[in-house]
Amino acid sequence: QVQLVESGGGLVQPGGSLRLSCEASGRTFSNYAMGWFRQAPGKEREFVAAITWSGGRTFYADSVKDRFTISRDSAKNAVYLQMNSLKPEDTAVYYCAANSRSLISIMTAWYDYWGQGTQVTVSS
């Protein structure tokens with residue numbers, strides 16, 4: 001059974017940092033692209049960042065570029081999202097997802113597996 005488990009969410013003040021982790025189990029995710037998405041209350045799920053499993057390519061939403069960094073550790077079957085300079089508008093549930101195609105995609109429909117999500121709240 002494939003599982004993606006996110007962790008690292010929480011409450012942080014504006015300008016602060018958090019590091020989200022996503023651990024994958026149940027299969028080897030070689031050649032899978034991995035992504036982070038988020039969903040705020042009353043809004044659609046939106047793309048945040050993605051990375052090829054080799055780590056050679058990354059892509060970010062404009063809203064998080066230069067503040068967030070996606071990385072992976074293939075030996076641990078894990079993906080991370082370092083979030084710096086957090087803003088109140090970054091508040092959302094953050095989801096990790098796995099895409100069996102080797103290509104990075106911003107579209108939720110391309111992703112085959114999803115985690116349960118972790119809440120990030122940015123507030124003073």
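Note: hydrogens, waters and symmetry copies are ignored here, and every other heavy atom, side chains too, is used. Here the structure is a predicted model, which is why all the values come from computation and not from measurement.
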Undergrad: Count the heavy atoms of every other residue, nucleotide or ligand shown that sit under 6.0 Å from CZ of R57, and state whether that count exceeds 12.
TA: no
Undergrad: Does D73 use its side chain to pair, donor to acceptor, with the backbone of A78 at less than 3.5 Å?
TA: no
Undergrad: Among residues at least two apart in sequence or on other chains, which ones pass side-chain contact (heavy atoms from CB on, under 4.5 Å) with S123?
TA: L11, T121
Undergrad: Considering only Ile, Leu, Val, Met, Phe, Trp and Tyr, and joining two whenever side-chain heavy atoms are under 4.5 Å apart, list the other residues clustered with V93.
TA: F37, F47, F59, Y95, L103, I104, I106, M107, W110, Y111, W114
Undergrad: Identify the residue among T118, V64, T91, V120 that makes a side chain to side chain contact (heavy atoms under 4.5 Å, CB included) with R38.
TA: V64
Undergrad: Can you check whether G117's main-chain N or O pairs, donor with acceptor, with E6's side chain at less than 3.5 Å?
TA: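 Answer holds: yes.
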Undergrad: Residues two or more places apart in sequence or in another chain: which of them pass side-chain contact (heavy atoms from CB on, under 4.5 Å) with R19?
TA: Y80, Q82
Undergrad: Please indicate whether E44 has more than 12 foreign heavy atoms, meaning atoms of other residues, nucleotides or ligands, lying under 6.0 Å from its CD.
TA: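 Counting neighbours around CD of E44, 12 or fewer heavy atoms of other residues, nucleotides or ligands fall under 6.0 Å, so no.
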Undergrad: Restricting to ring-ring contact (aromatic ring centres under 6.0 Å, His included), what partner residues turn up for Y32, sequence neighbours left out?
TA: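 ring-ring contact (aromatic ring centres under 6.0 Å, His included) list for Y32, sorted by chain: F29.
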Undergrad: Looking only at non-hydrogen atoms, find the nearest pair between L4 and A24 and report the distance.
TA: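 Nearest pair, atom of L4 first, then A24: CD2-CB, 3.5 Å.
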Undergrad: Side-chain donor-acceptor pair under 3.5 Å between D112 and S100, yes or no?
TA: yes
Undergrad: Can you list everything that forms a side-chain contact (heavy atoms from CB on, under 4.5 Å) with T58? Sequence neighbours excluded, please.
TA: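 By the side-chain contact (heavy atoms from CB on, under 4.5 Å) rule, T58 matches I51, Y60, I70.
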Undergrad: Quick one: do V48 and L81 satisfy side chain to side chain contact (heavy atoms under 4.5 Å, CB included)? Show the steps, please.
TA: CA-CA 10 Å; V48 175; L81 186 69; 4.2 Å; yes
Undergrad: Could you walk me through whether D62 and K65 pass the salt bridge (Lys or Arg N to Asp or Glu O under 4.0 Å) test, one step at a time?
TA: CA-CA 5 Å; D62 287 343; K65 201 176 295 183; 3.1 Å; yes
Undergrad: Once you round to the nearest 0.5 Å, how far does OG1 of T108 lie from CD of E46?
TA: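 One finds 11.5 Å between OG1 of T108 and CD of E46.
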Undergrad: Check this for me, if you would: do E23 and K76 make a salt bridge, where the nitrogen-to-carboxylate-oxygen distance has to be below 4.0 angstrom?
TA: no
Undergrad: Pairs in or reaching into residues 65-124: which pass disulfide (SG to SG under 2.5 Å), with residues at least two apart or in two chains?
TA: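 Listed once each, the pairs are C22-C96.
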Undergrad: Test side chain to side chain contact (heavy atoms under 4.5 Å, CB included) on L20 and M83 and set out the steps.
TA: CA-CA 8 Å; L20 304 183; M83 305 186 296; 3.7 Å; yes
Undergrad: Identify the heavy atoms of S124 and P14 that sit nearest to each other, and give their distance.
TA: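 In terms of heavy atoms, the two residues are closest at N-CD, 3.7 Å.
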